[in-house]
Amino acid sequence: MNISNTLREQVQVLEREMDTHRNSVLQLETQRNNAQTEYESIYSQMNIREKYFGGWFGGDKSIVQRSNGLEESILGYDLEINQTKAVVQTTDSKINEVIKSYLVQNDSTYQQLHAVFENVEEVSKAVDLYMRRINFALSEISDAQGMETFDLFTKSTAISVLSYMENSEAQEAVNVVKNGTKPFQDSLQKYNGFLKSTPIAGLGNVNIEDGIDLMFDFIFDGFDFMSLFTLSSLSNAESELWQLHSKVSEVQGKIDKHYQKAKGNVEAYVCTVREKCA
């Protein structure tokens, strides 16, 4: 892990800026708390005329004025504190982005860690999209079944038309799932191929910092999701879609773990570099 002096200086400048803003937050919070304490003390001593009638009818208007001024100050402090905290967060994110920008150009370890994350992120989006399509199709089938049941107990032509339309929409949703199955399966195969072709356990001969776990197991390699589709009618669709849902849920669970691990690896490496820049 080689860190250039330029990166080190950039990070240190931003860290000092962030410390300055953090100190400002602490000072503002102290001032705000002091104002709150004074306000509560004054308010506890105010009588009804001062609390509810602005000091008229025999109250002390100066106490009311001081109380109102403290309320405004407290609101002003809250606004300034939130704004300064936002600057702290922005600066913190900027430090990480500066480090990532440097690492993606100059650090082979980070490049490989980031490549893993990008591949996991891509397949994660494919899994989530496919699962949304399955859930939507199941919802459409449920609506169609409900309308069919309603149609059985009515003699309304309008209800029959609605039932037909619901069935058509359900069939269309099922077809969307069917048409999306091969692209989904291709995404899994591509990801499995990436895992097999990448020396993830050690990232080649690159030395990995302690604590970064790079072990990934494969997804459903070779499983044919299309085999779950033997639809002859819409009545079969719900059962088959639930089987598909179960299988994809298993895949989604593994992908989610991969995603969190890959993201954690990237963040841990950036954190290590950040510490070394201090």
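This one's a predicted model, so the numbers in the text were calculated from it and none came from an experiment.
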Could you list the residues that satisfy side chain to side chain contact (heavy atoms under 4.5 Å, CB included) with [X], not counting sequence neighbours?
X	answer
Gln36	Arg32, Tyr39, Glu40, Ile74
Leu129	Arg132, Arg133
Gln185	Gln189, Asp224, Phe225
Asp19	Arg22

Which distance, rounded to the nearest 0.5 Å, do you find between the [atom1] of [X] and the [atom2] of [Y]?
X	Y	atom1	atom2	value
Leu138	Leu241	CG	CG	5.0 Å
Ser197	Asn192	OG	CG	10.5 Å
Met131	Ile255	CE	CD1	11.5 Å
Gln10	Ser4	CD	OG	7.5 Å
Ser249	Leu244	OG	CG	9.0 Å
Asp60	Ser67	CG	OG	11.5 Å

Discussion item. Going by ring pair (Phe, Tyr, Trp, His ring centres under 6.0 Å), name the pairs with one or both residues in residues 71-122, residues two or more places apart or in two chains.
Written reply: Tyr110-His114, Phe117-Tyr259
Fill in: Residue pairs fulfilling ring pair (Phe, Tyr, Trp, His ring centres under 6.0 Å) with at least one residue in residues 237-256, sequence neighbours excluded
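As it turns out, the ring pair (Phe, Tyr, Trp, His ring centres under 6.0 Å) pairs with a partner in residues 237-256, which skip direct neighbours, are Trp242-His245.
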So, for [X] and [Y], which heavy atoms are closest and what is the spacing to 0.1 Å?
X	Y	value
Ser187	Val123	O-CG2, 3.8 Å
Arg8	Cys277	CG-O, 3.3 Å
Ile99	Leu7	CA-CD1, 4.1 Å
His258	Leu195	CE1-CD1, 3.9 Å
Tyr130	Thr181	OH-OG1, 2.6 Å
Thr91	Leu14	CG2-O, 3.5 Å

Any [X] side-chain heavy atom under 4.5 Å of [Y] side chain:
X	Y	result
Gln260	Asp256	no
Phe136	Val177	no
Asp107	Ile3	no

Discussion item. Between Glu50 and Asn47 (side chain of the first, backbone of the second, donor and acceptor by atom type, cut-off under 3.5 Å), is there such a pair?
Written reply: yes
Worksheet entry | Any donor-acceptor N/O pair, Ser41 side chain to Thr37 backbone, under 3.5 Å |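 A pair under 3.5 Å: no.
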Please enumerate all residues that pass side-chain hydrogen bond (donor to acceptor under 3.5 Å, both in side chains) together with [X], with sequence neighbours excluded.
X	result
Asp128	Gln252
Lys190	Glu122
Asn106	none
Arg49	none

Worksheet item: What do you reckon, is CD of Glu172 surrounded by more than 12 foreign heavy atoms closer than 6.0 Å?
Response: no
Worksheet entry | Enclosure of Gln65 CD (heavy-atom neighbours >12, cutoff 6.0 Å) | no
Worksheet item: Can you list every pair that meets salt bridge (charged side-chain N to carboxylate O under 4.0 Å, His left out) and has a residue in residues 80-106, with sequence neighbours left out?
Response: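 Non-adjacent pairs meeting salt bridge (charged side-chain N to carboxylate O under 4.0 Å, His left out): Glu29-Lys85, Asp92-Arg274, Glu97-Lys100.
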Discussion item. Just to verify, what does Asp186 make a salt bridge (charged side-chain N to carboxylate O under 4.0 Å, His left out) with, not counting sequence neighbours?
Written reply: Lys182
Practice prompt. Might you work through the side chain to side chain contact (heavy atoms under 4.5 Å, CB included) test for Gln12 and Arg16, ending with a clear yes or no?
Written response: CA-CA 6 Å; Gln12 289 175 354; Arg16 286 194 294 270; 3.9 Å; yes
Check the hydrophobic clustering (I, L, V, M, F, W, Y; side-chain heavy atoms under 4.5 Å; chains of links allowed) and say if [X] and [Y] are grouped together.
X	Y	result
Leu70	Leu79	no
Val104	Ile95	yes
Ile81	Leu26	no
Val64	Ile42	yes

Worksheet item: Do Ser108 and Gln111 pass the side chain to side chain contact (heavy atoms under 4.5 Å, CB included) test, and can you show the C-alpha distance, the side-chain angles, and the key distance before you say yes or no?
Response: CA-CA 5 Å; Ser108 59; Gln111 290 166 359; 4.2 Å; yes
Fill in: Asn34 vs Glu38, side chain to side chain contact (heavy atoms under 4.5 Å, CB included): CA-CA, chis, key distance, verdict
CA-CA 6 Å; Asn34 290 338; Glu38 184 180 355; over 6 Å; no
Practice prompt. Could you check Phe184 against Val248 for side chain to side chain contact (heavy atoms under 4.5 Å, CB included), going step by step and ending with a plain yes or no?
Written response: CA-CA 10 Å; Phe184 163 72; Val248 178; 4.2 Å; yes
